Amino acid sequence: MNGNITSKVAALLLGQGAPVRVVGRNARSLASLKAAGADIATGDIGDAGFLAQAFAGAIAAAGLKRVVNPSSVGAHLGSGTGPIAGLHRQERRLDELAGVDVLHLRPGYFFENHLIAIEMIRTIGAYSDMTAPDAPLPMVATADIAEVVARELRTPSGKGKRVLHLRAPSLYTRGRGFRSWGAS
């Protein structure tokens, strides 16, 4: 899929000479990856036929030995987590694949998600969201996640089914850590 992390992963892997297939909705948004050598599949992700074709030979049928599964904090819980419960089910499905080395990545909150607050800060002079300003959050940059995904796809561990939590070395609150983001 072509998203904040996967587009970065695709670029890294293409730069290393690895074959890459990118699945997305819009050929224009995938043009740079296609120009870099990616195999592109575009269509409606709600169309089961398109997805079957785009992922033809996926995982077990293709004999893949390594899967890096972008997941989420909370995916260890089977219920009570809203949409994250779907990631729990996906982790369980992948864990049932025999002979496949599976790594579930559970990143913290994306640093880049804070960028949407810029206009709010400009307009009202405050950063308002559902998190308490002093609540420490595990955070990570999408570029760092992409680096881990690309590395892990290229170097299977042979360790079976694992979970890796990704976050910055420190927990941050809106009161600690954000001042260095240019607010002066």
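Numbers here simply count residues along the sequence, with the first being 1. Computed from a predicted model, the values in this text were never measured in an experiment.
- In Arg25, the CZ atom is not crowded: 12 or fewer heavy atoms of neighbouring residues, nucleotides or ligands sit closer than 6.0 Å.
- Leu30 and Leu14 fall within the same hydrophobic cluster, defined by Ile, Leu, Val, Met, Phe, Trp and Tyr side-chain heavy atoms under 4.5 Å apart, directly or through other members.
- Note on Val163: it does not cluster hydrophobically with Leu77, by side-chain heavy-atom contacts below 4.5 Å among ILVMFWY residues.
- Remark: Gln53 CD is loosely packed, at most 12 non-hydrogen atoms of other residues, nucleotides or ligands lying under 6.0 Å away.
- Here the closest non-hydrogen pair linking Thr81 and Gly74 is CG2-O, 4.0 Å.
- The hydrophobic clustering, which links ILVMFWY residues whose side-chain heavy atoms are closer than 4.5 Å, places Leu153 and Leu33 together.
- Distance alone, capped at 3.5 Å, is enough to place a donor-acceptor pair between the Arg21 side chain and the Ala54 backbone.
- Panel note: side chain Asp47, backbone Gly49; a donor-acceptor pair is recorded below 3.5 Å.
- In this structure, the separation between CD on Gln90 and CG on Asp95 is 10.0 Å, given to the nearest 0.5 Å.
- At least one side-chain heavy atom of Arg154 sits under 4.5 Å from a side-chain heavy atom of Gln16.
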*List the steps, then state whether side-chain hydrogen bond (donor to acceptor under 3.5 Å, both in side chains) holds for His114 with Tyr109.*
CA-CA 9 Å; His114 294 292; Tyr109 190 78; 4.8 Å; no
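- Considering CD1 of Ile121 and OG of Ser128, their distance stands at 10.5 Å, rounded to 0.5 Å.
- A 4.5 Å side-chain heavy-atom check between Phe50 and Val23 finds at least one atom pair inside the cut-off.
- Classification of Asp101 and Lys65 as a salt-bridged pair fails, no side-chain N sitting under 4.0 Å from a carboxylate O.
- Between Phe111 and Ala141, the closest heavy-atom pair is CD1-N, 3.3 Å.
- A distance of 12.0 Å separates CG of Leu166 from OG1 of Thr142, quoted to the nearest 0.5 Å.
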* Can you check salt bridge (charged side-chain N to carboxylate O under 4.0 Å, His left out) on Lys8 and Glu147, steps first, answer last? -> CA-CA 8 Å; Lys8 291 176 177 87; Glu147 293 264 345; over 6 Å; no
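- In plain terms, the two heavy atoms of Ala10 and Val22 that are nearest each other are CB-CG2, 3.9 Å.
- In the hydrophobic clustering of this structure, Leu97 does not group with Leu87; members are Ile, Leu, Val, Met, Phe, Trp, Tyr whose side-chain heavy atoms approach within less than 4.5 Å, directly or through other members.
- Asn4 CG to Asn113 CG: the interatomic distance, rounded to the nearest 0.5 Å, is 8.0 Å.
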When you look at Glu96 and Lys161, which way does the salt bridge (charged side-chain N to carboxylate O under 4.0 Å, His left out) test go after all the steps?
CA-CA 9 Å; Glu96 295 200 12; Lys161 314 311 188 230; over 6 Å; no
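- With Ser29 contributing its side chain and Asn26 its backbone, the two residues share a donor-acceptor pair below 3.5 Å.
- Note that the OH atom of Tyr127 and the CD1 atom of Ile118 stand 10.0 Å from one another [nearest 0.5 Å].
- Between Ile84 and Ser72, the closest heavy-atom pair is CD1-OG, 3.6 Å.
- Linking Ile, Leu, Val, Met, Phe, Trp and Tyr whenever their side-chain heavy atoms come within less than 4.5 Å leaves Leu103 and Val73 in two separate clusters.
- For the pair Arg162/Glu152, a side-chain contact is recorded, criterion being any heavy-atom separation below 4.5 Å from C-beta on.
- Of the inter-residue distances, the one linking Glu91 atom CD with Ser71 atom OG reads 3.5 Å to the nearest 0.5 angstrom.
- Counting heavy atoms from C-beta outward, Leu105 and His165 have side chains that stay 4.5 Å or more apart.
- Nearest heavy-atom pair, Ile145 versus Pro107, reported as atom, atom and distance to 0.1 Å: CD1-CB, 3.5 Å.
- Listed here is the closest heavy atom pair of Ala75 and Arg92: O-NH1, 4.2 Å.
- Val9 places a side-chain heavy atom less than 4.5 Å from the side chain of Leu13.
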